[in-house]
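Naming: A, B, ... by sequence-line order, numbering from 1 per chain. Given the structure is predicted, the values throughout are model-derived calculations rather than measurements.
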Number of protein chains: 2
Amino acid sequence: MIDPLTDYPGYQLRRASAAAMADLADRLGVLDLRPAEATVLLVIEANPSATLSEVGRLLRIASANMTPLIARLEGRNLIEREPMDGRSQGLMLAPLGRSLTRQVKAVVADHEAALIEKIPATTRDEFLRTLRAIWAGE
Amino acid sequence: MIDPLTDYPGYQLRRASAAAMADLADRLGVLDLRPAEATVLLVIEANPSATLSEVGRLLRIASANMTPLIARLEGRNLIEREPMDGRSQGLMLAPLGRSLTRQVKAVVADHEAALIEKIPATTRDEFLRTLRAIWAGE
DNA sequence: TATTGTTATACTCTATAACTATA
DNA sequence: TATAGTTATAGAGTATAACAATA
């Protein structure tokens, strides 16, 4: 079998990302969290009182998709909403969310460590810069 | 807003891949093809008479998902099946599929060229090697 | 027994359009 | 008018389980 895609950076990027995402999803499964939910928790922790739209813009998740995601986290008592003005809501971690986010960070650290191991040490910074450059300007 | 994810190769990989995939999907939309369908056409062209399972293994697409994908391509008269033995079916491009695959290659080349532009020339080979290393051993 | 292909189903992420309430 | 959030819906990719037919 000939693989006509080995020299396509785009295809290799897709396969690499899919592999990494599958690993992350597996690890987060222990906490009953999906990757998108975990990243939202991390962003809220880093930005207390950030609004749904702000978090969505940072993560490139449309508000129509943020709404049910946030509702699930709220339903599990992981986050709380505080009205900012008549339409905006500040999001912050609830006590349960704070402890779970600590676990998320440990899980993500393990995942990232396993990933980084596969990147030659001398090229790690350049690799990261290149990835950022690929989606920069969105 | 603080982005707690800028230093995570895994997250940057995900964003870069998502951006590249969105660009590819846009471009392939002109041919009324989805990325998975386009890659299947390329693999069949490179490997005439490869079976559904073989193509699926190469692209890491489960046979349960290959079946409807192949059925769509066959329904559009892009590919044909030829029984190999009682259970295997060799896949090959139909005349319509051959000309469409030529267009696919042009579209993919444009897409990949735009992507490669964002990767510093001196690090392109290393970047590709690293991506392959990340999903190697699946 | 193992493999090929199929069916049915569900999950995750993403995308769009239409709507309300507020700024 | 523009923005925040919501609802409903659809698309694309992926995953699992179960199955019939064949090797």
Side-chain angles (χ1 to χ4, degrees), chain A residues 10-11 13-29 31-40 49-75 79 81-91 135 138, chain B residues 10-11 13-29 31-40 49-75 79 81-91 135 138:
Chain A
Y11 182 73
L13 188 57
R14 179 176 167 193
R15 288 294 293 267
S17 173
M21 285 301 292
D23 175 68
L24 179 61
D26 268 0
R27 292 173 190 265
L28 286 172
L31 305 179
D32 194 20
L33 283 175
R34 309 184 297 202
E37 292 169 339
T39 57
V40 163
S49 294
T51 66
L52 184 151
S53 327
E54 287 169 339
V55 174
R57 268 192 296 274
L58 189 67
L59 296 175
R60 212 196 196 294
I61 302 177
S63 17
N65 299 322
M66 282 294 292
T67 294
L69 197 163
I70 293 296
R72 278 195 304 271
L73 296 180
E74 193 186 23
I79 64 172
R81 316 194 200 206
E82 186 188 28
M84 305 292 280
D85 57 30
R87 57 182 178 181
S88 303
Q89 319 165 345
L91 304 173
W135 65 270
E138 282 203 334
Chain B
Y11 182 72
L13 188 57
R14 180 177 166 191
R15 289 295 293 267
S17 172
M21 285 301 292
D23 175 68
L24 179 62
D26 268 359
R27 294 173 190 263
L28 287 172
L31 306 180
D32 193 20
L33 282 175
R34 310 185 295 204
E37 294 169 339
T39 56
V40 163
S49 294
T51 66
L52 184 150
S53 327
E54 287 170 338
V55 174
R57 267 192 296 273
L58 189 66
L59 296 174
R60 213 201 194 290
I61 302 177
S63 19
N65 299 322
M66 281 293 292
T67 294
L69 196 164
I70 293 295
R72 278 195 303 273
L73 296 180
E74 193 185 23
I79 64 172
R81 315 195 199 204
E82 186 189 27
M84 305 291 280
D85 56 32
R87 58 183 178 180
S88 303
Q89 320 165 344
L91 305 173
W135 66 269
E138 281 202 334

With sequence neighbours left out, write down each residue that passes side-chain hydrogen bond (donor to acceptor under 3.5 Å, both in side chains) with [X], or none if nothing qualifies.
X	result
B:R14	none
A:N65	none
B:E74	B:R81

Residues in side-chain contact (heavy atoms from CB on, under 4.5 Å) contact with [X], at least two apart in sequence or another chain:
X	value
B:A50	A:M1, B:N47, B:E54, B:V55
A:D26	none
A:A16	B:L13, B:L131, B:I134, B:W135

Please report the distance, rounded to the nearest Å, between [atom1] in [X] and [atom2] in [N].
X	N	atom1	atom2	result
B:E54	C:dT4	CD	P	8 Å
B:M66	C:dT3	CE	C1'	16 Å
B:E37	D:dT14	CD	P	12 Å
A:R60	C:dT12	CZ	C1'	17 Å
A:L91	D:dA4	CG	P	13 Å
B:M21	D:dG11	CE	P	18 Å
B:L52	C:dT7	CG	P	12 Å
B:L69	D:dA15	CG	P	14 Å

Sort me out a list of protein N/O and nucleotides 17-19 of chain D N/O pairs below 3.5 Å, or just none if empty.
none

Task: DNA chain D: 5'-proximal contact among A:R57 and A:A22 (nearest heavy atom) - done: A:R57
Task: DNA chain D: 5'-proximal contact among B:D85 and A:Q89 (nearest heavy atom) - done: A:Q89
Task: Phosphate OP1/OP2 of D:dA4: any A:R81 side-chain N/O under 4.0 Å - done: no
Task: Separation of A:D32 CG from A:E37 CD (nearest 0.5 Å) - done: 7.5 Å
TODO: Could you check if a side-chain atom of A:R60 sits within less than 4.5 angstrom of a side-chain atom of A:E138, using non-hydrogen atoms only?
DONE: yes
Name the nucleic acid region contacted by [X], choosing base, sugar-phosphate or nothing; use a 4.0 angstrom heavy-atom cut-off, strictly under.
X	answer
B:T67	base
A:P35	sugar-phosphate
B:R14	nothing

Detail all sub-3.5 Å separations between protein N/O atoms and N/O atoms belonging to nucleotides 19-21 of chain C.
none

Task: Residues forming a salt bridge (charged side-chain N to carboxylate O under 4.0 Å, His left out) with A:R87, sequence neighbours excluded - done: none
TODO: Indicate the atoms forming the closest heavy-atom contact of B:L33 with B:L73, along with that distance.
DONE: CD2-CD2, 4.3 Å
Task: Selection from D:dT6, C:dG5, D:dA4 that lies nearest to any side-chain heavy atom of B:S53 - done: C:dG5
- [ ] Return yes if the base of D:dA15 and the side-chain atoms of B:N65 contain a donor-acceptor N/O pair under 3.5 Å, otherwise no.
- [x] yes
